[in-house]
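Down below is the structure, laid out as structure tokens.
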Amino acid sequence: YFSDNLKKAFSHTLNMFLLFQKRPAIKKEKLYSYISILNNLCFMLFNRKQYSSIPKFLDEFRALESLKQPESVKIRLFFFHKYALLNFMNGLGQFTEAESQLPEIIMQIKQYENKLNQFDKVILFGNIAIVYFGIRQYNKSIFWLNKIRNEITGDILPDIESFLILFFL
């Protein structure tokens, strides 16, 4: 039952993407919804192990960055794009390739850090820590984990707390 619902969710999300592709004016008008769909597709494709399809959607994120948009949409686009990119590269063990993306991502984090919510920061900082861990730059990995530990207020999800404990062992 659960598996069948995931198939339907993927099919529905893909159909929504295709509808947006056919109507560029609506894509611009509903950009926030469109980037959410791209994020969901990247996440679902990764979970379905359809890795070769993901770069197409990452390219679509990149193309949207040149559009004029409200700051709230820019922030969501930044988060969804960089989350999908790092998750994809980390998941495939492409740590060296991911490292080449970090200067731009870190620069953008500095630009948007006060506007990102706590959850988004945890996700981005954690993915950056994974990249550095994957290329054996442990001090930099610990730096980003410490940012989570020391700068994120409120309750941290239990799985993220477990992740932090493992790294600090």
Has [X] got a side-chain atom pairing as donor or acceptor with [Y]'s backbone, closer than 3.5 angstrom?
X: E65; Y: A63; result: no
X: K121; Y: E113; result: yes
X: T13; Y: A9; result: yes
X: N15; Y: S11; result: yes
X: N87; Y: Y83; result: no

Check [X] against [Y] and note the closest heavy-atom contact, atom names and distance.
X: S52; Y: P55; result: O-CD, 3.5 Å
X: A129; Y: S141; result: O-OG, 2.9 Å
X: L58; Y: H81; result: O-NE2, 3.7 Å
X: Q69; Y: L64; result: NE2-O, 3.1 Å

Are E29 and Y34 linked by a side-chain donor-acceptor pair shorter than 3.5 Å?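 Their side chains do not contain a donor-acceptor pair, so the 3.5 Å distance test is not met.
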
Test item: side-chain donor near acceptor, N127 and N90, under 3.5 Å: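 The answer is yes; a qualifying pair exists.
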
Can you measure from [atom1] ([X]) to [atom2] ([Y]) and round to the nearest 0.5 angstrom?
X: F125; Y: D120; atom1: CZ; atom2: CG; answer: 10.0 Å
X: I105; Y: I128; atom1: CD1; atom2: CD1; answer: 6.5 Å
X: S100; Y: I135; atom1: OG; atom2: CD1; answer: 10.0 Å
X: M107; Y: L102; atom1: CE; atom2: CG; answer: 12.5 Å
X: K30; Y: I37; atom1: NZ; atom2: CD1; answer: 11.0 Å
X: S53; Y: L14; atom1: OG; atom2: CG; answer: 9.0 Å

May I have the step-by-step check of salt bridge (Lys or Arg N to Asp or Glu O under 4.0 Å) for R76 and E71, ending in yes or no? CA-CA 9 Å; R76 293 318 297 158; E71 186 173 45; over 6 Å; no

When you compare the side chain of [Y] with that of [X], does any pair of heavy atoms fall below 4.5 Å?
X: Q108; Y: E104; value: yes
X: V73; Y: P70; value: yes
X: V131; Y: W144; value: no
X: K115; Y: K74; value: no
X: M16; Y: H12; value: yes

Are Y32 and L19 linked, directly or through other ILVMFWY residues, by side chains that come within less than 4.5 angstrom of each other?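 No, it is not one cluster - the side chains of Y32 and L19 are not joined through contacts under 4.5 Å.
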
Tell me whether I35 shares a hydrophobic cluster with L18, the cluster being built from Ile, Leu, Val, Met, Phe, Trp, Tyr side chains joined at under 4.5 Å.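 They do share one cluster, since a chain of ILVMFWY contacts under 4.5 Å joins I35 to L18.
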
Ring-ring centroid check [X] [Y], cutoff 6.0 Å:
X: F79; Y: Y112; value: no
X: F88; Y: Y51; value: no
X: F61; Y: F80; value: no

Just checking N139: does its CG atom have more than 12 heavy atoms from other residues, nucleotides or ligands closer to it than 6.0 angstrom?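 Counting other residues, nucleotides and ligands, CG of N139 stays at 12 neighbours or fewer.
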
Flag if over 12 foreign heavy atoms under 6.0 Å of CZ, F43: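 No, not enclosed.
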
Carboxylate-amine/guanidinium contact E99 K140, below 4.0 Å: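 Salt bridge absent between E99 and K140.
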
Is D59 salt-bridged to K56, cutoff N-O under 4.0 Å?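 No salt bridge links D59 with K56.
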
Step by step, work out the side-chain contact (heavy atoms from CB on, under 4.5 Å) result for F133 and Y138. CA-CA 5 Å; F133 188 85; Y138 303 118; 3.6 Å; yes

Please evaluate residues F17 and F57 with respect to the criterion ring-ring contact (aromatic ring centres under 6.0 Å, His included), reporting the C-alpha separation (whole Å), side-chain torsions for both, the decisive distance (0.1 Å), and the verdict. CA-CA 10 Å; F17 169 78; F57 297 105; 5.0 Å; yes

As a quick check of understanding, evaluate side-chain contact (heavy atoms from CB on, under 4.5 Å) for F78 and I109, giving each step before the final call. CA-CA 9 Å; F78 161 71; I109 285 175; 3.6 Å; yes

Mind running side-chain contact (heavy atoms from CB on, under 4.5 Å) on M89 and L85 for me, showing each step along the way? CA-CA 6 Å; M89 291 179 155; L85 178 67; 4.0 Å; yes

